[in-house]
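In what follows, a structure is listed as structure tokens, so that the remarks can point back to it.
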Amino acid sequence: MKKLCTIFSMCLLLMFILVPVVFAADAPAESAIDTGDTAFVLICAALVMLMTPGLALFYGGMVRTKNALSTIMQSFFILGLITVQWVLFGYSLAFGPDINHFIGSLDWAGLSGVGLDPNPDYSETIPHQAFMIFQGMFAVLTVALITGAFAERMRFPAFVVFALAWATFVYDPVAHWVWGGGWIGELGVLDFAGGTVVHIISGVSGLVVALMIGKRKGYGTDVILPHHLPMTVLGAALLWFGWFGFNAGSALSANGLAAGAFAVTQIAAAAATVSWVLTEWVQHGKPTILGAVSGCIAGLVAITPAAGFVGPMPALIIGLGAGIICFLAVAVAKAKLGYDDALDVFGIHGIGGTWGAIATGLFASTAVNPGGADGLFYGNAGQLTTQLIGVVASWVVAAVMTFIILKVIGLFMQIRATADQEIQGLDITDHGERGYAYQDFMTGSHIGLGSASQDSSAKTTSV
Amino acid sequence: MKPITKIEIITRPEKLEELKAAMNKIAVTGMTVTQVYGCGLTKGHTEVYRGQEYNINLVPKVKVEIVVCEVPVEKVLEAAKQACQTGKIGDGKIFVYPIANAVRIRTGEEGDIAIVDPADMPK
């Protein structure tokens, strides 16, 4: 009964917050809306949405059987959690009216004032809510990316609190700094679709969490292998597919810039797939599919900040570089340094995003996008310095804030699973379900794991 | 009561069908097969994930357990050796155990009668 009351009162509370939005929705749409642009951005938002469940499969296949569901859950649940956070106050903090180039105000909390008319600050041709929901998908994906670093060992309650705090205190401010009228954007740092906002901060934060909560039990001594690589390949394919919405959609218009961003996205991903596989082939004697999909993600990460500012040949170079650099980060540097970034969030997103942000300072060209700037190779050395300032600032804020958030959470709840929970696997200990029922593969029936509690109680009463 | 013997054959999974055919030929009708992992002289193989090499030391094998009393143990050993031998490392091992007793659960019969086909028993 008490639970029901709580749920009812929460629903009531949410309704009050949402009332202004309901009225805003009734306002007549302005004629300035371009239907082509709107259709394009909405489809791109849907593509970016698909990246998060794609990531869930990508990560889910790389962990052990006993943690498959808990890893998938961390990404999938974020779709719910961060969307709600985004609606209530996240969007307002990131893109709301600017306060001292540092943070958005809470004027747009509950999406109050975020209606169906365009907001000229962000785009003149699409409804403000289309921009909001497109950006919301970015927020969701970014938080989900970090989960790969602490996979297989963080308790779910601590994870939920961490995800909320991180989105609020790291993602929203940095998104504001770069895209919402904040100081990094004012400085002239180029970040087309989120090399800094999405990949650097998630990669660096992932590394900090991995270092703070420690290695998985048995890391370095036991054999810890991916349990389902075909699932990982499926997830990577969905990520690659969704990334077209991520990068091309960031043009916020169905125009030439979007076409260019789409093309360079494919080119860089392809180049990095080839270069990672070749590097691994030379180093270890065998080309692997896990290497191929890791390479494509590295290429996609690296082209993200540059997507709307570079042409095809620079994209090819950025992709080739990403495959080699990220392979070395994951296979050589990680092994030497000995930290347990379980699914290589730092090696691929942190390093790949950093390379992409720097490469944007090298290869950006106003011939591609007059709204951007020229990079070092087009006669403007200053842009490289500007990009480096953006990189350093995002590294520092991600590292420091993540450290503080984890320390504070650690004061009032247990973050890491106990040794027993880790041995049994988080699927059972956190969620009470398993990804794969142990069964006899010939008959398909379960091998006895105990009796159904309902049945046994019925039997005892009838006897 | 005739002595009862258990023969445990650990060998390559791909040899299971040949082994079953060989046992069928010498009138061994019962067996229990388990998928197992093991190593003897076999050193395993190397797998590479994102540039990290893992030495997979335990390799998949099948364990076939056969209990006999009528069929001579020597005959089973000979047939199993012939079926499973490739001459390369990893062919496996055969272990032979004496069995203290056996019970057929359906009828409660004990001893040698519990493991032979009633049709084959001398009247």
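Values reported hereafter were calculated over all heavy atoms of this structure, with side chains retained and with hydrogens, waters and symmetry mates removed. Quantities reported herein were computed from a predicted structural model and do not represent experimental measurements. Each chain gets a letter, A, B and so on, in the order its sequence line appears, and its residues count up from 1.
Of the atoms belonging to A:Thr288, it is side-chain heavy atoms, and not backbone ones, that fall under 4.5 Å from chain B. For a residue to count as touching a neighbouring chain, one of its non-hydrogen atoms must lie under 4.5 Å from one of that chain's; by this rule A:Gln283 does not touch chain B. In this structure, no portion of A:Ile289 lies under 4.5 Å from any heavy atom of chain B. For a residue to count as touching a neighbouring chain, one of its non-hydrogen atoms must lie under 4.5 Å from one of that chain's; by this rule A:Leu225 touches chain B with the side chain only.
For the pair A:Phe327 and B:Gly51, the tightest heavy-atom approach, listed with the atom from each and the gap, is CE1-CA, 4.1 Å. Annotation for A:Val223 and B:Ile56: closest pair CG1-CD1, 4.1 Å, computed over non-hydrogen atoms. Between B:Gln52 and A:Ala331, the shortest heavy-atom distance links the atoms NE2-O, 3.4 Å.
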Worksheet item: Would A:Glu280 and B:Val48 count as a side chain to side chain contact (heavy atoms under 4.5 Å, CB included) if you check the C-alpha gap in whole Å, the side-chain angles of each, and the deciding distance to 0.1 Å?
Response: CA-CA 9 Å; A:Glu280 187 176 32; B:Val48 184; 3.9 Å; yes
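With values rounded to the nearest 0.5 angstrom, B:Tyr54 atom OH is found 11.0 Å from A:Asp222 atom CG. To the nearest 0.5 angstrom, A:Leu290 atom CG is 5.0 Å from B:Arg50 atom CZ.
Residue B:Lys6 places its NZ atom among more than 12 non-hydrogen atoms of other residues, nucleotides or ligands, all under 6.0 Å distant.
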